Amino acid sequence: MSRSRVRGWWKWLGAMVLLVAGAGVLAGSDASKESDTYELVIANGRVMDPESGLDAVRNVGIRDGKIAAISSRVLEGRQTIEARGLVAAPGFIDLHQHGQDPRNYQFKARDGVTTSLELEVGTDDVDRWYAEREGKTLINFGVSIGHIPVRMRVMHDPGTFLPSGDAAHRAATPEELAQIQEQVGKGLRRGALAVGMGINYTAAASHAEIVDVFRLAAEANAPVHVHLRHAGMQEPTTGLVGIEEVIAAAAATGAPLHVVHITSMGLGDTPRLIAMVEGARKQGLDVTTECYPYTAGSTSLESAIFDPGWQARQGITYKDIQWVKTGERLTAETFEKYRKEGGSVVVFSIPEDAVRTAVANPIVMIASDGMPITGAKVHPRGQGTFSRVLGHYVREEKALDLMTALRKMTLMPAQRLEKRAPMFKDEGRIRVGADADITVFDPAHVIDKATYDEPLQYSEGIQFVLVNGVPVVKDGQLVEGVFPGRAARAPLSQ
Ligand SMILES: [Zn+2]
């Protein structure tokens with residue numbers, strides 16, 4: 001072969017390569033080709049993404065559990081969800097959900113939640129907690145290492161969910177303090193998403209014990225999700241004093257801080273507590289907060305919150321407390337009886353103004369604080385929080401706009417956790433490459449149906465929910481027998 005002929009052959013080969021590559025590019029841009037058939041397409045929905053600000057009718061193509069395309073052109077799917085007239089938003093991330101059983105997950109999914117996290121109380125055994133749920137859940141799940149359950153185990157507290165004995169009422173010995181540190185540190189190494197604290201429930205824990213736990217969290221870049229030491233407006237045990245303690249601990253140690261349910265902490269002083277969070281953020285601290293959209297709280301009657309003096313501290317009396325097992329309001333006699341027995345109560349203590357202020361504030365995330373279902377009159381918040389914000393506060397009350405509300409349920413919780421657990425960078429967004437956790441709802445009809453009298457009611461108007469690309473709610477109904485939920489967990493360091 002002559003040199004020129006060799007050169008000619010190479011030219012020809014080069015041209016063919018270009019042609020083939022060009023055809024590939026064409027195929028890649030042509031959605032009608034077989035190679036671009038998606039596993040599932042959400043067609044014609046109003047796609048709302050709080051990160052990019054996108055708010056327009058689009059088609060979303062899903063493949064391998066991820067968002068693979070967002071396009072104004074028609075996309076071919078082996079399955080298509082027709083979403084005309086509906087909003088397609090990132091799936092809601094609930095930072096605060098105590099009930100973590102299959103029945104809870106069904107209620108969460110019907111309320112638009114795709115990731116359910118127990119970050120306030122948490123667990124004392126991170127490995128066991130995840131292993132119990134792996135491969136068995138409708139939605140994604142995650143947990144914190146909990147100072148409360150760790151303290152209960154170390155101090156042999158007889159309580160079940162919250163302390164009622166030594167873990168609530170006694171200072172820890174130096175040996176116990178060392179064990180608490182060891183167990184919290186171990187939980188962080190095993191991938192806990194955060195450190196949970198409920199200082200009001202471990203009332204005898206010293207300020208030094210609390211700061212030392214913050215220090216561990218700071219080393220692991222883990223946010224501390226904390227129920228404050230004090231709540232309400234009676235000096236010297238106000239919610240303001242409570243928030244001062246943890247902002248100081250965060251500032252001094254560098255731990256990120258997340259104050260849970262700011263409304264039940266602040267009560268009438270809620271705007272002042274939110275101003276503390278805003279002020280700390282302006283000074284450069286990593287401080288965030290959350291609320292649920294209800295005027296009642298819920299907790300255990302045997303907990304330290306109801307130690308003597310609770311009426312003055314919380315500004316309530318017996319009749320403001322409802323026993324979850326029966327729905328009856330308490331008296332002095334039944335208070336004593338049920339406190340010995342132990343169990344959940346619903347507590348009507350939060351002013352509506354405080355709720356509205358927090359729900360409408362753009363820096364306050366939405367989180368349910370949903371309770372385990374231990375009785376017929378459990379608090380409705382675990383079942384209805386997200387639809388209540390969208391239906392009642394956005395549509396009916398116009399307390400905030402829809403995009404702001406979605407941001408508080410999706411992007412902000414993801415950002416809260418993504419420094420600790422990078423997997424959250426692909427959560428809370430409608431973006432190519434993000435996890436296909438998507439909630440499709442009817443903005444004209446979405447509403448909570450769970451009430452204090454009838455709390456075990458599904459929300460309405462949540463039409464389709466995808467978890468890792470798998471529908472768990474279809475046409476407003478639960479899909480049976482699917483378990484696409486995954487562990488939301490920080491990287492293991494040991
Ligand atoms: Zn709490």
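In listed order, ligands and their atoms are each counted from 1. None of the values given here were measured: they were computed from a predicted structure. Side chains are part of it too, since the values below use all heavy atoms of this structure and drop only hydrogens, waters and symmetry mates.
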Checklist entry - Does NZ or CZ of Arg110 come closer than 6.0 Å to the centre of the six-membered ring of Tyr458, within 45° of the ring's axis? => result yes
Checklist entry - Salt bridge between Arg215 and Asp212, side-chain N to carboxylate O under 4.0 Å? => result yes
Next on the checklist: Please verify the inter-ring angle class for Phe306 with Phe335; under 30° counts as parallel, over 60° as perpendicular, anything in between as tilted.
Outcome noted: perpendicular
Next on the checklist: Name the residue from Arg151, Arg153, Lys186 that meets the salt bridge (charged side-chain N to carboxylate O under 4.0 Å, His left out) definition with Asp124.
Outcome noted: Arg153
Item to check | the Zn ion (ligand 1): protein N, O or S atoms [distance under 2.8 Å] | outcome: Glu120 OE2, His227 ND1, His261 NE2
Next on the checklist: Ring-plane angle category for His98 and His96, please: parallel below 30°, perpendicular beyond 60°, tilted otherwise.
Outcome noted: perpendicular
Checklist entry - Taking NZ, NE, NH1 and NH2 as the nitrogens, is one of them in Lys325 or Glu341 under 4.0 Å from a carboxylate oxygen of the other? => result yes
